[in-house]
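Data block below; observations after.
As the structure lists them, so they are numbered: ligands from 1, and atoms in each ligand from 1.
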Amino acid sequence: MAARALYTDQMRPETLAVHAGRSIDPATGAVTPPIHLSTTFERALDGSFPSGFAYTREANPNRSSFEACVNALEGGEVTVAYSSGSAATMSILQGLTPGDHVIAPEEIYFGTRHLMETGFGRWGLQSSFVDMTDLGAVLAAIRPNTRLIWVETPSNPVLKIVDIAALAEMAHAAGAICVCDNTWAPLIQRPFELGVDLSMHSATKYLGGHCDIMIGVVIARKNDAFAESLRLWQKMGGAIPSPFECWLGLRGMQTLPWRMRAHCENASVVARALAGYPGVEQVHYPGLASHPGHAIAKKQMSAFGGMLSIQVRGDAGDAMAMTNRLQLITRATSLGGAHTLIEHRKSIEGAASKTPENLLRISVGLEHPDDIIEDLMQALR
Ligand SMILES: *Cc1c(COP(=O)(O)O)cnc(C)c1O
């Protein structure tokens, strides 16, 4: 296929988002790529597969395009796409050996913790969950068999910030790899520049950007044996996204840099409006100077993200009642879409969760920030 590439790797994120992984379709001249639903591809007379595709579980043109686009934007050597963010997490853990030890943050995404403890615990994975704002606690948790330090920042749902560069260095000193769940901070946080080995995203969130696909990615800084293992679990394990999800993912990626800009700007305006507003006990947003992680966030992020959480005055009932008075903002889980969503995290995370009962997590969308603020304020009154 003599497809004409429209970009070079040196171009800027806005340009890569529009062009990376894309080419004009040589068969039709289509500017937007077709969706390749075929599961199988024809062999040439000599037995080879001239397009590089043989069977869709192993490789599909739409998946390759999506992976190439994410890879260019995150700045890795290899990107592997999965059927969800959780499948991406699973394939990282599947690259470890029974008896290996993982250190992860206390406020890790609850599904990831569940996978580590309940799922992989049965296969001999050891895991420790520590407060990663305390680097001494991480150091103390390192064991001779520690193979992986998992970082997630800003954390879910209280937006704790941890020092990625310090944790990556600590991992390497211990002979372990460092993984960053970068779902909450695409483009505004560059894990590979901070020494991280693997970056992962639930692309269901900001990368897809429209709350209409389930897809996950792992990006490897180096094309090494671990990257090979990621491919193994994707291709041989069959943890693959469908061609349509990949196509929608690629479509979503085109606007990622501009959407992130708007999410970050809106969230910071909303956070400032709510800080000190009657009925609000606390606002958790790393862009606020009062946030305990603000200095580290300023060092390792170019903007502070579209997620924030608030603690309202009162108990769980008061928090739920506040969400019931909202008119514009939707009570729903997930994040990273155009709609502003609000969620009472404690009730979704279950009884064991340490999330404060009066906490509401807000995924600030792309509406006008004044409309978002007016809705929140009328519900708080
Ligand atoms: C949603 C999410 C995941 C899980 O991704 P799915 O696509 O829902 O499987 C993992 N990490 C973070 C930080 C998330 O927000």
Worksheet item: For Asp181, is the nearest heavy atom under 4.0 Å from an atom of ligand 1?
Response: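 Per 4.0 Å heavy-atom rule, Asp181 contacts ligand 1.
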Worksheet item: Of the choices Ser86, Ser202, Gly216, which has the non-hydrogen atom that lies closest to atom 9 (O) of ligand 1?
Response: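 Heavy atom nearest to atom 9 (O) of ligand 1 belongs to Ser86.
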May I ask you to list the atoms of ligand 1 that are less than 4.0 angstrom from any heavy atom of [X]?
{"X": "Thr204", "answer": "7 (O)"}
{"X": "Gly85", "answer": "5 (O), 6 (P), 7 (O), 9 (O)"}
{"X": "Trp184", "answer": "13 (C), 15 (O)"}

Worksheet entry | Within-4.5 Å side-chain heavy-atom neighbours: Glu58 and Met236 |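 The answer is yes, as the side chains (C-beta and beyond) meet within the 4.5 Å cut-off.
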Practice prompt. Measure the shortest side-chain to side-chain distance between Thr112 and Trp150 over non-hydrogen atoms and say whether it is less than 4.5 angstrom.
Written response: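 Answer yes - side chains close enough.
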Discussion item. If I apply the N/O under 3.5 Å rule, does Lys205 come out as touching ligand 1?
Written reply: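 N/O-N/O distance under 3.5 Å: yes.
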Discussion item. Show the nearest heavy-atom pair for residues Thr323 and Leu360, with the distance to one decimal.
Written reply: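 Heavy atoms of Thr323 and Leu360 come nearest at CG2-CD2, 3.5 Å.
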Practice prompt. Measure from the ring center of Phe304 to the ring center of His294 and say whether it is less than 6.0 Å.
Written response: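 Ring centres of His294 and Phe304 closer than 6.0 Å.
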Discussion item. Centroid separation under 6.0 Å, is that true for the rings of His263 and Tyr206?
Written reply: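 Between Tyr206 and His263, the centre distance is under 6.0 Å.
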Worksheet item: Can you tell me which residue and heavy atom of the protein come closest to atom 8 (O) of ligand 1, and the distance to 0.1 Å?
Response: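 Result for atom 8 (O) of ligand 1: Met214 CE, 3.9 Å.
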Worksheet item: Which protein heavy atom lies closest to atom 10 (C) of ligand 1, and at what distance to 0.1 Å?
Response: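 Ranked first by proximity to atom 10 (C) of ligand 1 is Tyr109 CD2, 3.5 Å.
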Discussion item. Distance alone, cut at 3.5 Å: any donor-acceptor contact between the side chains of Asn266 and His368?
Written reply: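 There is no such pair (donor and acceptor under 3.5 Å, judged by atom type) between the side chains of Asn266 and His368.
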